[in-house]
Amino acid sequence: MSIYEEVEFEDLDFDPVTQIYTYPCPCGDKFSISLEALWDGEDIATCPSCTLRIEIIYDEEDLPPLREDDDDDDESGGEEEEEEGEKKKQDEKGEEKKEEIDHNIASVLQKSLTVK
């Protein structure tokens with residue numbers, strides 16, 4: 001699949017709460033890529049509303065550190081780890097749903113602002 005545009009990392013908008021980078025798409029939505037994906041070496045951001053994709057030009061040394069999760073506590077028992085794992089999954093699902101809702105609200109607002 002082809003790349004619509006190459007975008008410098010510095011030109012992206014960053015949400016520190018969701019740790020998602022965004023860039024305006026010509027369709028009115030936004031390209032998005034997570035900080036974690038960038039740390040994993042991914043450099044393609046996609047638009048959820050159309051087929052366009054952009055390539056992010058960046059150096060890993062320019063990336064902010066990933067937010068640390070409480071996964072470093074290896075001394076807890078097996079049951080406690082399972083409970084923490086379940087809670088983390090539920091939190092992640094809640095965050096994904098929140099991101100989806102925020103994205104939908106932003107799309108509606110942006111579209112309503114362009115209609116005169």
Side-chain angles (χ1 to χ4, degrees):
M1 204 168 218
S2 64
I3 301 299
Y4 168 71
E5 184 178 353
E6 290 182 350
V7 177
E8 293 289 331
F9 172 75
E10 295 81 19
D11 295 332
L12 301 174
D13 294 321
F14 182 61
D15 182 341
V17 174
T18 62
Q19 295 203 319
I20 301 286
Y21 284 92
T22 59
Y23 186 78
C25 180
C27 79
D29 208 339
K30 292 184 179 187
F31 297 100
S32 64
I33 189 167
S34 70
L35 176 58
E36 183 175 8
L38 290 168
W39 271 109
D40 288 343
E42 295 180 36
D43 63 351
I44 304 298
T46 57
C47 176
S49 297
C50 70
T51 60
L52 295 179
R53 302 169 350 138
I54 58 172
E55 181 177 0
I56 311 301
I57 309 301
Y58 72 100
D59 292 321
E60 239 180 48
E61 60 207 30
D62 295 332
L63 296 175
L66 282 171
R67 185 173 45 214
E68 289 191 28
D69 294 330
D70 296 326
D71 293 342
D72 298 337
D73 188 16
D74 293 335
E75 298 174 352
S76 60
E79 256 184 78
E80 289 177 36
E81 285 181 357
E82 282 183 35
E83 290 175 9
E84 288 176 11
E86 279 299 313
K87 185 175 181 182
K88 185 176 178 184
K89 285 180 188 177
Q90 290 174 350
D91 290 346
E92 288 173 355
K93 286 180 183 179
E95 277 297 317
E96 288 174 10
K97 192 66 175 171
K98 181 183 175 208
E99 289 175 24
E100 181 182 339
I101 291 169
D102 289 347
H103 173 76
N104 290 341
I105 290 171
S107 294
V108 169
L109 286 173
Q110 189 172 19
K111 288 176 185 176
S112 68
L113 292 174
T114 57
V115 176
K116 293 184 179 186

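Side chains included, hydrogens not; waters and symmetry mates left out as well; all remaining heavy atoms used.
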### Task
Flag the pair Leu12 / Val7 as yes when at least one side-chain heavy-atom distance between them is below 4.5 Å, and no otherwise.
yes

### Message
Treating Asp15 as the side-chain partner and Val17 as the backbone partner, does any N or O pair qualify as donor plus acceptor under 3.5 Å?
### Response
yes

### Task
Report yes if the side chains of Tyr58 and Glu8 come closer than 4.5 Å at any heavy-atom pair, otherwise no.
no

### Query
For Glu36, does the CD atom sit with more than 12 other heavy atoms under 6.0 Å from it, leaving out its own atoms?
no

### Minimum heavy-atom distance Pro48-Lys30, with the two atoms named
CD-O, 3.2 Å

### Query
Taking C-beta and beyond as the side chain, do Pro26 and Leu52 meet within less than 4.5 Å on heavy atoms?
yes

### Task
Using side-chain contact (heavy atoms from CB on, under 4.5 Å) as the criterion, point out the one residue from Thr22, Ile44, Leu38 that pairs with Ile33.
Leu38

### Message
Is the shortest side-chain heavy-atom distance between Leu63 and Leu35 below 4.5 Å?
### Response
yes

### Task
Mind listing the closest non-hydrogen atom pair of Cys27 and Cys47 along with its distance?
SG-SG, 3.6 Å

### Message
Classify the ring geometry of Tyr21 against Phe9: parallel below 30°, tilted from 30° to 60°, perpendicular beyond 60°.
### Response
tilted

### Message
For the backbone of Glu60 and the side chain of Trp39, can you confirm whether one donor and one acceptor N or O come within less than 3.5 Å of each other?
### Response
no

### Query
How far apart are the closest heavy atoms of Tyr23 and Glu5, and which atoms are they?
OH-OE2, 3.5 Å

### Message
Quick check: do Cys50 and Cys25 have side-chain heavy atoms less than 4.5 Å from each other?
### Response
yes

### Query
Quick one: does Ile54's side chain get under 4.5 Å of Glu6's, heavy atoms only?
no

### Query
Out of curiosity, Glu55 CD to Tyr4 OH, how far, rounded to the nearest 0.5 Å?
15.0 Å

